[in-house]
Protein chains: 2
Amino acid sequence: MPHRGKTSSTDRLFGALANPTRRDILDLLLDGEQTVQTIADRFDMARPSVSEHLRVLRDTDLVREEQRGRHRYYAVHPEPLVGVRDWLSPYERYWRARLTDLGEVLDDLAGGEQP
Amino acid sequence: MPHRGKTSSTDRLFGALANPTRRDILDLLLDGEQTVQTIADRFDMARPSVSEHLRVLRDTDLVREEQRGRHRYYAVHPEPLVGVRDWLSPYERYWRARLTDLGEVLDDLAGGEQP
DNA sequence: ACTATAGGTAGGGAAAATCCTACGCGTCAA
DNA sequence: TTGACGCGTAGGATTTTCCCTACCTATAGT
């Protein structure tokens with residue numbers, strides 16, 4: 001019985017990732033912290049809209065900001081993504097065939113259990 | 001430049017997973033295929049609404065249906081989730097510290113590259 | 001003090017998502 | 001064939017999301 005009280009943190013996590021712009025922002029920040037304006041310049045979208053996306057990411061703790069002077073530097077904070085990985089893990093055994101890099105090593109290690 | 005044409009398959013994938021009911025349906029189907037009615041019984045929601053969620057999952061190929069008699073059996077089809085895993089992978093190096101089961105083995109295997 | 005820059009917030013409108021009830025069609029059992 | 005069951009789809013109401021244009025505050029520099 002998937003009883004669902006209000007909005008779990010997992011809900012907000014997946015909700016945050018549902019938007020392509022927000023995923024792109026995270027990808028962008030993989031290269032290092034950036035200011036709001038610098039981020040906004042990369043998107044075909046008004047700066048306040050980017051600010052709102054950043055707020056969603058902040059609320060899910062996927063990014064963190066640090067004020068320095070009159071700039072706010074946003075940096076990616078990937079820990080919450082563990083929630084995605086955890087949700088994903090029960091499904092992983094299904095695609096044992098087509099794994100990416102690391103996983104393959106593991107598969108060899110574990111030995112096949114599938115004839 | 002995160003140019004975005006229409007709606008990528010990744011968008012639809014994350015979009016499908018954004019809904020808690022749909023994630024719950026997938027989790028439910030991990031235990032094996034089920035008919036629509038059986039699935040619907042698990043949720044506090046009208047059956048047609050569940051049908052719509054199933055359609056979204058079908059459109060993203062996350063579930064597959066097989067008609068047998070007058071029943072339609074839905075089964076989880078996790079391959080598309082590779083897209084999530086792939087999107088996630090650049091972030092994984094960040095949480096090397098707190099890994100889940102399998103990952104830990106791998107980490108030990110690979111040897112630390114962090115002093 | 002005054003102006004320019006950086007960026008958050010408010011209010012609103014359009015579009016998409018979510019859920020419902022009503023209905024239609026195919027399949028099984030009498 | 002008739003009726004009940006299993007499910008998908010249509011249309012509609014409500015909510016949420018997404019983006020915009022003001023607008024406001026704070027810091028930096030002159």
Side-chain angles (χ1 to χ4, degrees), chain A residues 2-26 28-29 33-75, chain B residues 2-26 28-29 33-75:
Chain A
H3 71 98
R4 196 158 286 287
K6 287 293 179 184
T7 328
S8 77
S9 74
T10 303
D11 287 359
R12 282 184 294 105
L13 177 60
F14 277 92
L17 298 180
N19 184 285
T21 299
R22 286 193 289 267
R23 289 198 309 279
D24 285 342
I25 289 175
L26 290 176
L28 185 60
L29 294 181
E33 59 177 18
Q34 305 225 0
T35 66
V36 177
Q37 189 59 56
T38 311
I39 296 168
D41 287 346
R42 301 286 229 116
F43 296 90
D44 185 24
M45 185 182 297
R47 185 199 42 80
S49 303
V50 171
S51 263
E52 283 171 35
H53 284 305
L54 287 171
R55 177 168 51 180
V56 173
L57 293 172
R58 239 187 300 127
D59 288 348
T60 50
D61 203 28
L62 283 165
V63 299
R64 289 188 168 175
E65 60 133 282
E66 184 190 345
Q67 183 147 14
R68 291 208 293 274
R70 56 180 156 176
H71 295 272
R72 278 159 198 256
Y73 288 87
Y74 278 86
Chain B
H3 70 99
R4 194 159 286 288
K6 287 292 179 182
T7 328
S8 77
S9 75
T10 303
D11 287 359
R12 281 183 296 106
L13 176 60
F14 277 92
L17 298 180
N19 185 286
T21 299
R22 286 194 289 266
R23 288 198 310 280
D24 285 342
I25 290 175
L26 290 176
L28 185 60
L29 294 181
E33 60 176 17
Q34 306 225 358
T35 67
V36 176
Q37 189 59 56
T38 311
I39 296 170
D41 288 345
R42 301 285 228 116
F43 297 89
D44 185 25
M45 185 182 298
R47 185 199 42 79
S49 304
V50 172
S51 262
E52 285 171 34
H53 284 304
L54 287 171
R55 177 169 50 180
V56 173
L57 293 172
R58 239 186 302 127
D59 289 348
T60 50
D61 204 29
L62 282 165
V63 300
R64 290 187 167 175
E65 59 134 284
E66 183 189 347
Q67 183 146 15
R68 291 208 293 274
R70 57 179 156 174
H71 296 271
R72 279 161 198 253
Y73 288 86
Y74 278 86

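Each chain gets a letter, A, B and so on, in the order its sequence line appears, and its residues count up from 1.
- Using a 4.5 Å heavy-atom cutoff, the side chains of B:Val50 and B:Arg42 are not in contact.
- Under the side-chain contact (heavy atoms from CB on, under 4.5 Å) criterion, A:Ala46 pairs with A:Pro48, A:Ser49, not counting sequence neighbours.
- Listed by residue number, the members of residues 33-41 of chain A with any heavy atom below 4.0 angstrom from DNA chain C are A:Thr35, A:Val36, A:Gln37.
- Across every non-hydrogen atom of A:Thr7 and A:Asp11, the tightest pair is CG2-CB, 3.7 Å.
- The shortest side-chain heavy-atom distance between B:Glu65 and B:Val36 does not fall under the 4.5 Å cut-off.
- Applying the side-chain contact (heavy atoms from CB on, under 4.5 Å) rule to A:Thr60 yields the partners A:Arg12, A:Ala16, A:Leu62; only residues at least two apart in sequence or on another chain are considered.
- Here C:dT18 presents its P atom at 17 Å from CG of B:Asp44, a figure rounded to the nearest Å.
- For the salt bridge (Lys or Arg N to Asp or Glu O under 4.0 Å) test, no residue two or more places apart in sequence or in another chain qualifies with B:Glu52.
- On the nucleic acid side, DNA chain D contacts chain A at distances under 4.0 Å to non-hydrogen atoms, with the end points of that region at D:dC18 to D:dA28.
- Residues passing the side-chain contact (heavy atoms from CB on, under 4.5 Å) test with B:Asp59 are B:Arg55, sequence neighbours excluded.
- Axis angle across the helix from C:dA1-D:dT30 to C:dA30-D:dT1, with five pairs used at each end and values rounded to 10°: 20°.
- For A:Arg47 and C:dG7, a side-chain-to-base donor-acceptor distance below 3.5 Å is present, hydrogens and geometry of angles not being considered.
- Listed by chain and residue number, nothing satisfies the ring pair (Phe, Tyr, Trp, His ring centres under 6.0 Å) test with A:Tyr74 (two or more places apart in sequence, or in another chain).
- By the salt bridge (Lys or Arg N to Asp or Glu O under 4.0 Å) test, A:Asp41 is found to be paired with no residue, residues two or more places apart in sequence or in another chain being considered.
- With sequence neighbours excluded, the residues forming a side-chain contact (heavy atoms from CB on, under 4.5 Å) with B:Gln34 are B:Leu28, B:Leu29, B:Thr38, B:Ile39, listed by chain and number.
- Of all non-hydrogen atoms in B:Ala75 and B:Glu33, the two that sit nearest each other are CB-CB, 4.1 Å.
- Within residues 53-70 of chain B, the residues having any heavy atom under 4.0 Å from DNA chain D are, by residue number, B:Arg55, B:Arg70.
- Nucleotide C:dC19 holds its C1' atom 11 Å from the CG atom of B:Asn19, rounded to whole Å.
- Qualifying salt bridge (Lys or Arg N to Asp or Glu O under 4.0 Å) partners for A:Arg58, counting only residues two or more places apart in sequence or in other chains: none.
- In this structure, A:Tyr74 reaches the sugar-phosphate backbone alone: every heavy-atom distance under 4.0 Å involves primed, P, OP1 or OP2 atoms, never a base.
- Judged by closest nucleotide on DNA chain D, B:Tyr73 is the one of A:Val50 and B:Tyr73 placed further toward the 5' end.
- At whole-Å resolution of the value, NE2 in B:His71 and P in C:dT27 are 13 Å apart.
- Within the 4.0 Å cut-off from OP1 or OP2 of C:dT18, not a single side-chain nitrogen or oxygen of B:Ser49 is found.
- When rounded to the nearest whole Å, the span between CD of A:Glu52 and C1' of C:dG11 equals 11 Å.
- Within the 3.5 Å criterion, the main-chain N or O of A:Leu17 finds a donor-acceptor partner in the side chain of A:Arg23.
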